[in-house]
Amino acid sequence: MRVLLALGGNAMTGADGRARPEDQIAAAEVAMAAVADLLSHDVEVVLTHGNGPQVGNLLVKNELAAAVVPPVPLDWCGAQTQATLGFVLMNALEAALAARGLARPAAALVTRTLVDGDDPGFTHPTKPIGRFLPAGAAALLQGHGEVWEDRGDRGWRRVVASPEPREILDAPAALSLIEAGYVVVAGGGGGIPVVREDGRLRGVEAVIDKDLAAALLAETVRADVLVVATDVPHAVLRYGRPDAVELGRVRVAELRGHAREGHFASGSMGPKVDAVCRFVERTGRRAVITSLDNIDRAVDGGSGTVVVPA
Ligand code: ADP
Ligand code: MG
C-alpha cells in the first residue's frame with residue numbers, strides 16, 4: 001500500500017506556532033515518530049508538508065534586509081523552505097526509524113508545480129501572506145510591485161495569487177525514488193509555482209495551496225490513500241457550536257454537499273475537504289482527514305474523517 005501523507009503547519013512548528021529552529025526540529029521529531037510507526041507496517045510513504053510560517057519568516061528577512069541584500073522572490077522562498085524542511089524531516093525520520101530498529105532511506109525533492117499564467121489569482125490575488133505592516137511600510141513595498149490590502153486595525157497585509165495546481169512536474173523523479181524504496185518528501189508548501197512560457201519554465205510569485213497540491217501529487221504517484229494530517233481528529237459539521245458533530249466515514253458526494261452548505265472554513269478546513277474530495281472523485285480510492293497522532297489507524301480507515309467514493 002502506498003500512502004501520501006500531507007503534514008499541516010502544526011506538524012512543522014511548535015504548539016503555539018513558534019518557529020525557532022529548535023521548535024521546528026522538535027515538531028518534526030514528533031511527526032516523524034508517527035510516520036516511523038506507520039512505516040513499521042508494510043507501506044510506502046510519500047510525505048508532503050506546509051511551509052506557511054517558514055515562508056513568513058523569510059519574507060520578514062527580505063523586508064528588513066532589503067537595503068543590504070537583494071530580496072528574493074516567493075518561488076525562491078518556496079524552494080528554500082522545501083530544502084530546509086526536507087533536511088529536518090529526513091534527519092528526524094532516520095532517527096525515529098533507528099529507534100525502532102528499522103531502516104528506510106529517505107530523500108527530499110525540490111519540486112516544481114505547474115500553474116497557468118492566466119490563473120485569475122494573478123489579476124485578483126486573494127491569499128494573505130506574511131506579517132501585518134503599517135500603511136507607510138506597505139506603501140514602500142507596493143512601490144516594488146507587491147499587492148497589499150488594508151486589513152483595518154491590524155494594519156496592511158500582502159496578498160498573492162493562489163493558483164490552481166495543474167501538474168506536479170517532478171513527480172516522475174518522486175516515483176522513481178518511491179519505487180527504489182525511498183521515503184520521499186516532495187511538493188512541500190504546495191510546490192514551487194512555475195509557469196511555462198515559450199517552452200521555458202519560470203518561477204512566479206504565488207503560493208499554491210498545499211492540500212490541493214497534495215491531492216494532485218497523490219493522484220500522480222498513484223497513492224492508494226491520501227491522508228491529510230492536521231491538528232484536529234475530524235472534519236466537523238457546525239464546527240465550534242454546541243451541536244457540532246464529527247464526521248466519521250462519509251461518501252464523497254455527501255461531503256461535497258456539506259462543503260456547499262459552508263461547514264468548512266475557507267482558509268483552513270475548506271481546502272482539505274476539497275483536496276480529499278478531488279482525490280476520491282478522480283481515483284475512486286480513499287482519503288482521510290485526521291490528526292497526526294491518529295495516522296497509523298487512519299490509513300486503514302480506523303479513525304478520522306474517512307472519505308469513500310460515492
Ligand atoms: P494545517 O496547518 O494543518 O493546514 P489549518 O489551520 O489550515 O491546519 O486547518 C485546520 C484547522 O481548521 C483546525 O485547527 C480548525 O480550527 C479549523 N477548522 C475550520 N473549520 C473546521 C471544521 N468544520 N472542522 C474541523 N476543523 C475546522
Ligand atoms: Mg492550512
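One-based numbering, in listed order, for ligands and for the atoms of each. Keep in mind the model is a prediction, meaning the values are calculated, not measured.
For ligand 1, none of its N or O atoms has an N or O atom of Ala235 under 3.5 Å away. Considering backbone and side-chain atoms together, Asp211 places no N or O closer than 3.5 Å to any N or O of ligand 1. Ligand 1 has an N or O atom lying under 3.5 Å from an N or O atom of Val236, backbone or side chain.
Those atoms of ligand 1 that come under 4.0 Å of a heavy atom in Gly9, given as number and element, are 1 (P), 2 (O), 3 (O). Listed by number with element, the atoms of ligand 1 under 4.0 angstrom from any heavy atom of Lys210 are 4 (O). Those atoms of ligand 1 with a heavy atom of Ala265 less than 4.0 angstrom away are 19 (C), 20 (N).
Ligand 1 has no atom lying under 4.0 Å from any heavy atom of Arg238.
The closest side-chain donor-acceptor pair between Gln54 and Gln24 falls under 3.5 angstrom. Side-chain polar atoms of Ser291 and Asn294 form a donor-acceptor pair below 3.5 angstrom.
At distances below 3.5 Å, not a single donor-acceptor pair connects side-chain atoms of Thr111 with backbone N or O atoms of Asp170.
Looking at Val228, Asp231, Thr13, Val273, it is Asp231 that brings a heavy atom closest to atom 13 (C) of ligand 1.
Hydrophobic clustering, with ILVMFWY side chains joined whenever heavy atoms are under 4.5 angstrom apart, groups Val227 together with Leu38.
By the criterion of a heavy-atom distance under 4.0 Å, the backbone of His234, and not its side chain, is placed next to ligand 1. Counting heavy atoms closer than 4.0 Å to ligand 1, residue His263 contributes backbone atoms (N, CA, C, O) but none from C-beta onward.
With rounding to the nearest 0.5 angstrom, the CD atom of Glu205 is 11.5 Å from the CH2 atom of Trp76.
Residues passing the salt bridge (Lys or Arg N to Asp or Glu O under 4.0 Å) test with Glu164 are Arg278, sequence neighbours excluded.
Electrostatic pairing of Arg104 and Glu94 does not count as a salt bridge here, judged by no charged N lying under 4.0 Å from a carboxylate O.
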